[in-house]
Enquirer: 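Got a structure for you, written out below as structure tokens; questions coming shortly.
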Amino acid sequence: MKVLIIEDEKALSASIFTYLNSEQYICEIAADFSSAMTKISQYDYACIILDINLPGGSGLDILKELKKSYKAEGVLIISARNSLDDRLNGLNSGADDYLTKPFHLSELAARVAAIIRRKSFDGNNNLNFEELQLDLFYKTVKVKDRAIELTRKEYDLLLYFISNKNKVINKAAIAEHLWGDNMDMADSYDFIYTHIKNLRKKLIQAGARDYVKSVYGMGYKFSRS
Amino acid sequence: MNLLTRYFRINLVVTVSIFILASLAFYFLLWYVSIRQVDEDLKIEQREIETFVRKHNRPPEPISVRDQNISYEISKAQKAYRIFSTIPSPNIDEHENFRQITFTLSVNNQWLVFKVSKSLEGTENLNRSIIIVSLITIVAILLVSLLINRWQLRRLWKPFYTTLSGVEKFRLGEKAVPNFEQSTINEFNLLNNTINQFIRDAEKEYFLLKEFTENASHELQTPLAIVRSTLDVMIQDEKLTEAQSNSLQTAYAAIQKMSRLNQSLLLLNKIENRQFSDVNSFDFKTLVEAKMSDWQELWQGRNLHITSSLGSANISMNEQLAEIMLGNLFSNAARHSKEEGNIHLNLAANVFEISNTASDGPLDPEKLFKRFSIAGQSTDQHGLGLSIIKQITEVSNSRVSYQYAQGNHIFSVHF
């Protein structure tokens, strides 16, 4: 699946590229308006990560062009402006999601994954990872065809892990994902630990392997090995 | 005291005292002139008596009519003299005074003293009438001039008061520059123009400053995004040592704090710009209950005891702002509680209170809601939470207040 990163800050697009580029996605970068327009006219992408402020034009115009040519790409807008107007304009002109800078790459990856799932699995709401089966519509999880009971937070956490498999995810990113960025209790991440502990216990009890690893008190990694 | 009252008071005191003095002077002058008149009459009587004595060589018969008495007796003093005096009426039941001339005259080598007195009734009556008429005139003039003054002055000063109320209603940053009407008086026009210029300059400076803050915050977002995403990439490295990981975690925490600070500044700007203008009517209780369930586990994690008594409170406010305000109040209470402290929530029809066991003494209510000025900051706190709460209450026509009672910090929002 191809992902196009339209972002004029080279350092930022390089980080996004490094993080996303894997066996799952093939990434390309466009650093200005005209090269972005060329790329979208020549290729099809599963998802486009779009910055609003670009040299040579506005990201919103790229969005309009995509809609005009009936391209099926999912679009995720990333912008430094978190003003209501930008968000509304972006979503009204057909963007699928909106993320304000500065964001965690794990959050970006989760949003990209969600957009691609919405765009490409019409009618199919299942997401599989090894012996885990997630029903995205009913928000339920099965391990080897046996349903397990997860709380809403545990389910969100598992989905977040799967969208960022094989990556180390920072604790702050997990906290922000689960509780939103208004939850200003940043001095302690103990409450995340409780949720992760419970999720692990439930998965292992249901016969799944233990995929969650703690990384030096910095964060967690969800991976096969 | 306002300008016109002050002016009228001074004016009244000065005119009334001038009129009183003038009336007194007038009264005495009038009295003096009329007494002199009577004295002249008495002198004529004296001359008539002298003529009579010279002609007949005997004193005239004493006559007493109602308002004139003539009498004589043998004088003790053997010389000529003349005295004028005012005496009470010889009739006990009459009140008016008499003017009397006393003079000596030698008749047949014997000194006689003559007393001629004239009633002052007529003079006194006349004087009284004149004084009454003048006093009525004076009071009438005083009243009329005061009324005219008052009306004229009010009319004259009207542009000044219009300007004053315009300036009073003016709030910096609301983009509503007061419209002053043109006056025919140069000073007022000058005043209006000066104030107008002043307001325009202040507005310009204010918006420049605001724009600067806004732009600075926006410009910071991209570098913050770069640092954070670079860190996100770096921690993927499997060869990181524990020490390196710890350093990265420190950097994460600092970036986290900085982006929160920046977000808060942007939020403050947005609230000031009134970008949350759609106001809904809703039950605040529902919102409090929803937030409480969000916070349940965070509170449990710190072993805080939560109690609440929530009534219904229908309020009109922007829901997003209400939620932000509540979130800030909650995190503030949790942050400043001591471990295992109490938090109590109370909601009545027009007030929401949140109190928590203080870990230290009372906070300074003067500084409390100012940006970056909370005493005893903990390290990951940026000191904007309370300013955000205050700003939100200000744009929502409500009010936030702080109290310290029995070891509790109490924040109240009055809808």
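The chains referred to below are lettered A, B, ... by the order of the sequence lines, with proteins before strands, and numbering in each begins at 1. Owing to the predicted nature of the structure, the values given are computational and were not obtained by experimental measurement.
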Enquirer: Which region of Asp51(A), side chain (C-beta onward) or backbone (N, CA, C, O), has a non-hydrogen atom less than 4.5 Å from a non-hydrogen atom of chain B, or is it both or neither?
Expert: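 Looking at Asp51(A), nothing touches chain B.
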
Enquirer: What residues, two or more places apart in sequence or in another chain, satisfy ring pair (Phe, Tyr, Trp, His ring centres under 6.0 Å) together with Phe284(B)?
Expert: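 Listed in chain order: Phe352(B), Phe415(B).
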
Enquirer: Kindly write out the residues that satisfy side-chain hydrogen bond (donor to acceptor under 3.5 Å, both in side chains) with Ser293(B), not counting sequence neighbours, or none if the list is empty.
Expert: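 None.
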
Enquirer: Mark yes or no: Lys2(A) above the aromatic ring of Tyr43(A), with NZ or CZ under 6.0 Å from the six-membered ring centre and no more than 45 degrees from the axis.
Expert: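 Verdict for Tyr43(A): a cation-pi partner in Lys2(A).
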
Enquirer: So which of Ile235(B), Thr222(B), Ile226(B) has the biggest tally of heavy-atom pairs under 4.5 Å with chain A?
Expert: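 Option with the top pair count is Ile235(B).
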
Enquirer: Could you tell me which portion of Thr241(B) (side chain, backbone, both or neither) has an atom closer than 4.5 angstrom to a non-hydrogen atom of chain A?
Expert: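 The answer is the backbone of Thr241(B).
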
Enquirer: For Lys153(A), is it the side chain, the backbone, both, or neither that has a heavy atom closer than 4.5 Å to a heavy atom of chain B?
Expert: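 Contact with chain B: side chain only.
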
Enquirer: Does any backbone or side-chain atom of Glu219(B) lie under 4.5 Å from a heavy atom of chain A? Answer side chain, backbone, both or neither.
Expert: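 For Glu219(B), neither part sits under 4.5 Å from chain A.
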
Enquirer: If we define contacts as heavy-atom pairs under 4.5 Å, which of Glu238(B), Gln249(B), Gln236(B) has the most with chain A?
Expert: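 Answer, by heavy-atom pair count under 4.5 Å with chain A: Gln236(B).
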
Enquirer: Can you classify the ring geometry of Phe369(B) versus Phe411(B) as parallel (below 30°), tilted (30 to 60°) or perpendicular (above 60°)?
Expert: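 Perpendicular, since the angle between the ring planes exceeds 60°.
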
Enquirer: Quick one: sort the Phe222(A) and Phe129(A) rings into parallel, tilted or perpendicular, breaks at 30° and 60°.
Expert: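 Tilted.
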
